[in-house]
Amino acid sequence: MSHHLFLLSPSDTPLYQLTHHSTRPTQNTASALSSNLPSWSTSAFAGTVAALSGASSVSPNVSAQAGGGKSGVGPIGGGQDRHVVQMIANASLDVIEEAMKLNGAMYLKSVEKFNEWTVSAFVTPGNMKFVLLHESKNDEGIKSFFTDVWESYLKALMNPFHTAHTVIRSPVFDARVRASAKKYL
């Protein structure tokens, strides 16, 4: 089971991205549609077709990517799945902003569902958006994870050499987020 975290600035610019593959046992999340994919789905666009249909073809390695720049880090998922996950996260931003207007809480829980992906969000007082795509329900763990990520983000902001609302390239921040993901997700 994989989790995809996106930290977005108030202007919706990606500042940090992480994909975490959990080793915890889960329920069977395969959809009926994904098991009935036609044989032509092995073509060049199979990753996109499989991801949109609910199949999970993301590679089992863990990768992180700071939004843009010369990070030299690999893609989020396997092949074209990375773009599908980013599309789902970007498409959910409007729903997150609507939920922000209706709900004054920072943790917005599950704001949207797209096939097997559930989108949870956390909005800081400075309007930073933490978006998590996940496949299983774990509200308490996700809330604790968001709280830890927020604490790590605040510590990164207090660094005098980091400019607010710019890409986060700190290895310490990355290690803390990965440890939180391993602990709670």
Side-chain angles (χ1 to χ4, degrees), residues 1-9 11-24 26-100 108-123 128-139 141-142 145-146 149 167-168 174 177-178 181-182 184-185:
M1 167 174 56
S2 61
H3 300 86
H4 303 277
L5 173 69
F6 299 89
L7 270 61
L8 304 165
S9 72
S11 63
D12 297 336
T13 305
L15 304 181
Y16 178 81
Q17 300 176 23
L18 171 80
T19 294
H20 170 75
H21 296 279
S22 177
T23 57
R24 293 185 183 184
T26 62
Q27 313 108 323
N28 184 9
T29 58
S31 68
L33 182 60
S34 66
S35 62
N36 294 323
L37 287 175
S39 60
W40 55 264
S41 67
T42 58
S43 66
F45 57 91
T48 303
V49 171
L52 289 174
S53 68
S56 179
S57 63
V58 175
S59 61
N61 62 356
V62 176
S63 62
Q65 178 177 342
K70 299 177 185 174
S71 63
V73 181
I76 289 177
Q80 295 176 343
D81 293 344
R82 171 180 62 128
H83 301 297
V84 173
V85 169
Q86 289 175 341
M87 180 212 50
I88 294 169
N90 284 330
S92 66
L93 290 175
D94 291 334
V95 177
I96 292 169
E97 289 180 9
E98 287 296 320
M100 286 170 41
L108 301 176
K109 295 187 181 181
S110 299
V111 293
E112 188 173 30
K113 186 150 176 74
F114 185 85
N115 287 337
E116 84 272 12
W117 295 108
T118 302
V119 180
S120 294
F122 184 91
V123 182
M128 280 286 299
K129 296 172 195 76
F130 300 174
V131 179
L132 181 71
L133 275 67
H134 54 95
E135 298 170 302
S136 63
K137 188 173 177 104
N138 178 12
D139 283 338
I142 292 170
F145 172 69
F146 276 142
V149 171
V167 175
I168 301 170
D174 185 55
V177 172
R178 287 177 186 274
K182 187 175 182 180
Y184 295 112
L185 302 178

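Along the sequence shown, the residues carry numbers beginning at 1. No hydrogens, no waters, no symmetry mates; every other heavy atom, side chains included, goes into these values.
In terms of heavy atoms, M128 sits closest to S9 at SD-CA, 3.5 Å. Here the closest heavy-atom approach between residue L132 and residue F145 is recorded as CD1-CE2, 4.2 Å. The shortest non-hydrogen separation linking P14 to V167 is O-CG2, 4.2 Å. The shortest heavy-atom contact between A181 and H20 is O-NE2, 3.5 Å. Minimum heavy-atom separation, V95 to V111: CG1-O, 3.2 Å. The two residues Y184 and N138 come nearest to each other via the heavy atoms O-ND2, 3.1 Å.
With a 6.0 Å radius and a threshold of 12 heavy atoms from other residues, nucleotides or ligands, K113 has its NZ atom above the threshold.
V149 places none of its side-chain heavy atoms less than 4.5 Å from the side chain of F122. Residues R178 and L18 have side chains in contact (heavy-atom distance under 4.5 Å, counting atoms from C-beta outward). The shortest side-chain heavy-atom distance between H134 and W117 does not fall under the 4.5 Å cut-off.
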Verdict with supporting geometry, V85 and F6, side-chain contact (heavy atoms from CB on, under 4.5 Å): CA-CA 10 Å; V85 169; F6 299 89; 3.7 Å; yes
T19 and H4: CA distance, side-chain angles, deciding distance, side chain to side chain donor-acceptor pair (under 3.5 Å) verdict: CA-CA 5 Å; T19 294; H4 303 277; 2.9 Å; yes
side-chain contact (heavy atoms from CB on, under 4.5 Å) between F130 and I96, intermediate numbers included: CA-CA 10 Å; F130 300 174; I96 292 169; over 6 Å; no
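Distance NZ/K129 to OG/S11: 8.0 Å, rounded to 0.5 Å. Put simply, CD on E116 and CG on L133 are 9.5 Å apart, with the number rounded to the nearest 0.5 Å. If you take NE2 on H21 and CG on L185, they are separated by 12.5 Å, rounding to the nearest 0.5 Å.
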